[in-house]
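Just so it is clear, the model here is predicted, and its values are computed rather than measured. One is the number of the first residue; the rest follow in order along the sequence.
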Amino acid sequence: MTHPTLSQPQTRSPLDQLNTATAATAVRLLLCCCASRRWAERIARHRPYPDVEALLAAADEASYDLTTADLREALAGEPGAHPTGDEPPVGALAAHTALRAAHGAYERKFGHAFLCCLDGLAAEERLDHVLAGIRTRLDNDVDEEWAVTAEELRRLARGRLGRLATRGSWDKGVAGLTPG
């Protein structure tokens with residue numbers, strides 16, 4: 001799937017382009033960062049942003065205000081945390097089998113995909129981080145996990161939006177796991 005991007009003329013920053021895009025274009029771009037329509041429309045409605053920090057602060061505020069329905073809508077747009085999109089190396093087959101089993105257990109218990117922001121982690125650390133995260137979070141009760149999931153979604157959306165506003169494009173990759 002091709003994700004929308006901002007064109008990058010030399011004279012206008014990606015943030016300027018987002019600020020001046022039509023409302024429909026801005027919402028479409030923002031929905032790629034977080035699939036909650038309310039979140040995307042709120043951020044688009046409050047443009048223009050003077051700088052990336054103000055945009056990210058608005059995104060954080062919008063994330064904190066997500067209702068249960070908004071969070072469910074956003075989660076429906078997430079593929080779940082898978083640390084690589086490629087075939088695992090032969091030596092990692094057992095780990096990937098364990099990861100699939102852990103994802104299944106998580107989804108059965110909580111009813112949604114496991115989200116985990118891996119921005120800043122080296123590729124070789126991601127699999128272990130996701131496995132440890134699932135194992136730890138399987139001990140959460142439903143309400144506690146809902147709060148953790150909302151925070152992970154906020155972190156994912158923030159990273160994606162930061163990349164959009166500074167680079168003019170982003171790669172959602174697999175659940176936002178492309179390095180930031």
Side-chain angles (χ1 to χ4, degrees), residues 1-8 12-82 103 106-120 130 133-134 137 140-180:
M1 177 169 142
T2 302
H3 297 290
T5 60
L6 294 170
S7 62
Q8 292 194 17
R12 293 182 58 212
S13 72
L15 177 61
D16 289 337
Q17 292 178 61
L18 179 63
N19 279 335
T20 60
T22 66
T25 297
V27 168
R28 191 177 81 247
L29 288 162
L30 293 165
L31 283 169
C32 292
C33 298
C34 176
S36 164
R37 181 156 292 281
R38 187 168 152 259
W39 181 91
E41 288 174 347
R42 178 176 173 173
I43 293 170
R45 188 172 47 252
H46 288 96
R47 295 173 304 147
Y49 294 96
D51 53 42
V52 174
E53 293 76 23
L55 173 64
L56 296 177
D60 285 344
E61 185 178 323
S63 293
Y64 294 133
D65 290 342
L66 291 176
T67 65
T68 299
D70 297 330
L71 186 53
R72 287 191 194 287
E73 177 184 36
L75 286 172
E78 293 291 333
H82 301 281
H103 271 283
Y106 181 92
E107 290 178 13
R108 281 189 299 281
K109 180 171 182 178
F110 297 112
H112 58 81
F114 175 78
L115 290 185
C116 181
C117 181
L118 300 177
D119 287 352
V130 171
I134 292 174
R137 288 168 54 186
N140 291 347
D141 65 33
V142 172
D143 291 336
E144 183 179 15
E145 184 54 27
W146 197 246
V148 172
T149 299
E151 175 60 14
E152 290 298 318
L153 181 67
R154 183 198 66 78
R155 291 179 60 215
L156 285 166
R158 182 180 176 74
R160 293 169 183 159
L161 186 57
R163 288 186 290 277
L164 176 67
T166 57
R167 298 180 195 162
S169 67
W170 66 282
D171 181 7
K172 189 173 189 177
V174 181
L177 303 181
T178 55

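- Minimum interatomic distance between L30 and A40 (heavy atoms only, all atoms of both residues): CD1-O, 3.4 Å.
- With sequence neighbours left out, R154 forms a side chain to side chain contact (heavy atoms under 4.5 Å, CB included) with D60, S63, Y64, E151, R158.
- When the side-chain hydrogen bond (donor to acceptor under 3.5 Å, both in side chains) test is applied to T68, no partner is found at least two apart in sequence or on another chain.
- Here E152 pairs with R155 under the salt bridge (Lys or Arg N to Asp or Glu O under 4.0 Å) rule; sequence neighbours left out.
- Partners of Y49 under the ring-ring contact (aromatic ring centres under 6.0 Å, His included) rule, at least two apart in sequence or in another chain, do not exist in this structure.
- Counting only residues at least two apart or in different chains, ring-ring contact (aromatic ring centres under 6.0 Å, His included) contacts with residues 141-164 comprise H112-W146.
- Every residue two or more places apart in sequence or in another chain was checked for a side-chain hydrogen bond (donor to acceptor under 3.5 Å, both in side chains) with N19, and none qualifies.
- A salt bridge (Lys or Arg N to Asp or Glu O under 4.0 Å) check over residues 13-26, counting only residues at least two apart or in different chains, returns nothing.
- Here R37 pairs with E41 under the salt bridge (Lys or Arg N to Asp or Glu O under 4.0 Å) rule; sequence neighbours left out.
- Under the rule for a side-chain hydrogen bond (donor to acceptor under 3.5 Å, both in side chains), E53 has no partner lying at least two apart in sequence or in another chain.
- Contacts of D143 classified as side chain to side chain contact (heavy atoms under 4.5 Å, CB included), with partners at least two apart in sequence or in another chain: D141.
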Discussion item. Go through it in stages, so that I can follow the logic: the residues are R137 and T149, the test is side-chain contact (heavy atoms from CB on, under 4.5 Å), and I'd like the CA-CA distance, side-chain angles, deciding distance and then a yes or no.
Written reply: CA-CA 10 Å; R137 288 168 54 186; T149 299; 3.4 Å; yes
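- Remark: R42 engages E61, D65 in a side-chain hydrogen bond (donor to acceptor under 3.5 Å, both in side chains) (not counting sequence neighbours).
- Listed by chain and residue number, nothing satisfies the salt bridge (Lys or Arg N to Asp or Glu O under 4.0 Å) test with R45 (two or more places apart in sequence, or in another chain).
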